[in-house]
Amino acid sequence: MQALLGVLFHFIGGFASGSFYIPYKRVKGWNWESYWIVGGLFSWLIIPFIAAWLTVPGFMDIIGATPGNVLFWTYFLGVLWGIGGLTFGLSMRYLGMSLGMAVALGFCSAFGALIPPIYREFFSDDPNNFTAMLHSNKGMFVLLGTLVCLAGIAICGKAGMMKEKELSHEQKTAAIQEFNLRKGLAVAIVSGILSACMSFAISAGKTMGDAAVANNANPLFKNNVIFVVIMLGGLTTNLIWCVFLNKRNQSFGDYTNKSTPLARNYFFAALAGTTWFLQFFFYGMGESNLGNDASSWILHMAFIILISGVWGFVLKEWKNASRKTLSTISLGIFTIILSVVLVGYGNSLSN
């Protein structure tokens with residue numbers, strides 16, 4: 001029953017993550033950096049503090065009593081993850097929801113599974129290293145899943161190239177206004193690599209979660225105090241970049257431009273940011289039931305890729321593409337989902 005609840009929570013979190021970008025499409029007359037940082041203030045500052053305040057008694061006291069090195073690594077990994085989140089948003093901007101999320105999260109799944117054992121191989125005495133992976137059923141399934149994941153990414157990239165060749169500029173930008181395959185693939189790769197730092201940041205801040213449980217917090221919500229620190233790292237990265245873009249593009253006026261529907265824009269940006277954080281709120285609940293290992297992270301990724309793929313078709317991002325191209329992107333998404341299932345199964349094995 002506990003495992004079933006964990007899967008359910010991951011599905012809800014995946015649905016939130018796979019759907020969060022939709023409200024941004026309702027923002028009118030603002031530059032990307034303006035609505036991204038308004039939504040980000042809710043994602044990385046306001047909602048995490050509210051969630052921690054509601055669910056973790058004395059969360060600020062827990063943070064204040066945490067050793068500096070734990071806070072530093074949790075925050076620093078949050079900064080790196082924030083770069084992943086920033087480029088993740090750019091992936092959606094240039095590739096759309098189905099292709100952008102499939103490629104970015106496919107890389108995230110692969111690197112999230114491989115980086116910890118490779119790190120242990122060279123910098124730790126932990127026996128669960130890369131060499132050990134090569135000599136166990138568990139490790140071989142994880143490696144197989146990673147290879148399948150990379151194959152799925154290649155298939156999705158092929159579908160993107162097929163779409164680019166088939167459609168006119170007007171057709172490609174009808175649903176994705178700034179469609180750019182090369183830029184999109186580049187930022188999706190960076191996003192996938194650095195977004196995996198979220199799982200590492202949660203591990204780095206584990207003592208805060210333990211302290212929350214010791215302070216009578218429900219174990220389902222123990223990660224909410226860790227998220228406060230991680231999200232501040234993410235806010236740092238995105239705020240610096242968006243303010244830079246505001247200055248470069250002279251878009252500071254967006255926030256007060258009365259020729260745009262200001263109330264509507266703030267509402268949808270806030271809705272997008274809130275929806276985005278809900279993925280981690282429910283991820284934390286799912287992780288509390290399943291454990292913060294590759295299985296939990298991979299399951300979360302699989303649901304996001306599935307939901308975002310469905311939204312991509314609903315929003316007609318592949319409208320006018322040939323049946324062959326549609327079959328190719330569908331095969332790519334299915335292959336990535338298969339890969340995360342293989343990795344998840346591998347991590348469920350005991351050896």
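Taken to the nearest 0.5 Å, the CG atom of Asp210 stands 10.5 Å off from the CE atom of Met208. To the nearest 0.5 Å, the span separating CG on Leu262 from CG on Asn257 amounts to 6.5 Å. Between the CG atom of Leu45 and the CG atom of Leu239 there is a distance of 10.0 Å, given to the nearest 0.5 Å. Taken to the nearest 0.5 Å, the CD atom of Gln279 stands 10.5 Å off from the OG atom of Ser19. Here the CZ-CH2 distance, from Phe42 to Trp276, works out to 14.5 Å after rounding to the nearest 0.5 Å. Remark: Trp30 CH2 to Asn265 CG distance equals 5.0 Å, nearest 0.5 Å.
Phe334 and Leu144 fall into different hydrophobic clusters, where Ile, Leu, Val, Met, Phe, Trp and Tyr are joined by side-chain heavy atoms under 4.5 Å apart, directly or via other members. Hydrophobic cluster membership is shared by Ile46 and Val27, with clusters built from Ile, Leu, Val, Met, Phe, Trp and Tyr side chains linked at under 4.5 angstrom. Both Leu54 and Ile63 belong to a single network of hydrophobic side chains, linked directly or stepwise wherever heavy atoms of I, L, V, M, F, W or Y lie under 4.5 Å apart. Clustering ILVMFWY residues whenever any of their side-chain heavy atoms sit less than 4.5 angstrom apart, transitively, puts Phe267 in the very cluster that holds Ile50. Note: the hydrophobic cluster containing Val243 also contains Leu235 (ILVMFWY, side chain heavy atoms under 4.5 Å, direct or indirect links).
Counting only heavy atoms from C-beta outward, the side chains of Asn224 and Phe59 never approach each other to under 4.5 Å. In this structure, the side chains of Leu71 and Val229 come closer than 4.5 Å at one or more pairs of heavy atoms. Taking 4.5 Å as the limit, some side-chain heavy atom of Asn223 sits within range of a side-chain heavy atom of Ile202. Between Tyr266 and Tyr255 the shortest side-chain heavy-atom distance falls below 4.5 Å. Residues Asn249 and Glu33 are in side-chain contact: their nearest non-hydrogen atoms beyond the backbone lie under 4.5 Å apart. Side-chain contact between Leu278 and Phe20 is absent, with no heavy atoms from C-beta onward closer than 4.5 Å. Side-chain contact between Val213 and Lys222 is present, with at least one heavy-atom pair separated by less than 4.5 Å. Looking at Asn218 and Thr55, their side chains never come closer than 4.5 Å, going by heavy atoms from C-beta outward.
Using a 3.5 Å distance cut-off with no hydrogens or angles, the side chains of Ser322 and Thr325 do pair a donor with an acceptor. Checking Asp254 against Tyr35 by side-chain atom types alone, no donor-acceptor pair falls below 3.5 Å. Side-chain contact of Trp36 with Asn238: a donor-acceptor pair under 3.5 Å is present, judged by distance alone. Side-chain contact, Asn246 with Ser34: a donor N or O sits under 3.5 Å from an acceptor N or O.
In this pair, Phe72 and Phe76 present their aromatic rings parallel. The plane angle is below 30°, not in the 30 to 60° band.
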Under the side-chain contact (heavy atoms from CB on, under 4.5 Å) rule, what do Phe227 and Ile230 come out as? Steps first, then yes or no, please. CA-CA 5 Å; Phe227 288 146; Ile230 297 174; 4.2 Å; yes
Run the side-chain contact (heavy atoms from CB on, under 4.5 Å) test on Val56 and Asn215 for me, step by step, so that the C-alpha distance in whole Å, both residues' side-chain angles and the decisive distance to 0.1 Å come before the verdict. CA-CA 8 Å; Val56 181; Asn215 202 34; 5.9 Å; no
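Listed here is the closest heavy atom pair of Ala211 and Ile62: CB-CG2, 3.8 Å. The two residues Thr335 and Ala151 have their closest heavy-atom pair at CG2-C, 4.5 Å. Ser191 approaches Gly84 most closely through the heavy-atom pair OG-O, 2.9 Å. Between Leu80 and Cys197, the shortest heavy-atom contact is CB-SG, 3.8 Å. Of all heavy-atom pairs spanning Leu232 and Thr236, the tightest one is O-OG1, 2.8 Å. Between Ala212 and Val225 the shortest heavy-atom distance is CB-CG1, 4.2 Å.
Between the side chain of Asn31 and the main chain of Ser251, no donor-acceptor pair closer than 3.5 Å is present. Listed for the Thr87 side chain is a donor-acceptor partner under 3.5 Å among the backbone atoms of Ile83. Using a distance-only test at 3.5 Å, with no hydrogens or angles considered, no donor-acceptor pair links the side chain of Ser43 to the main chain of Phe277.
The aromatic ring centres of Trp81 and Tyr75 sit 6.0 Å or more apart. Between Tyr21 and Tyr24, the ring center distance clears the sub-6.0 Å criterion.
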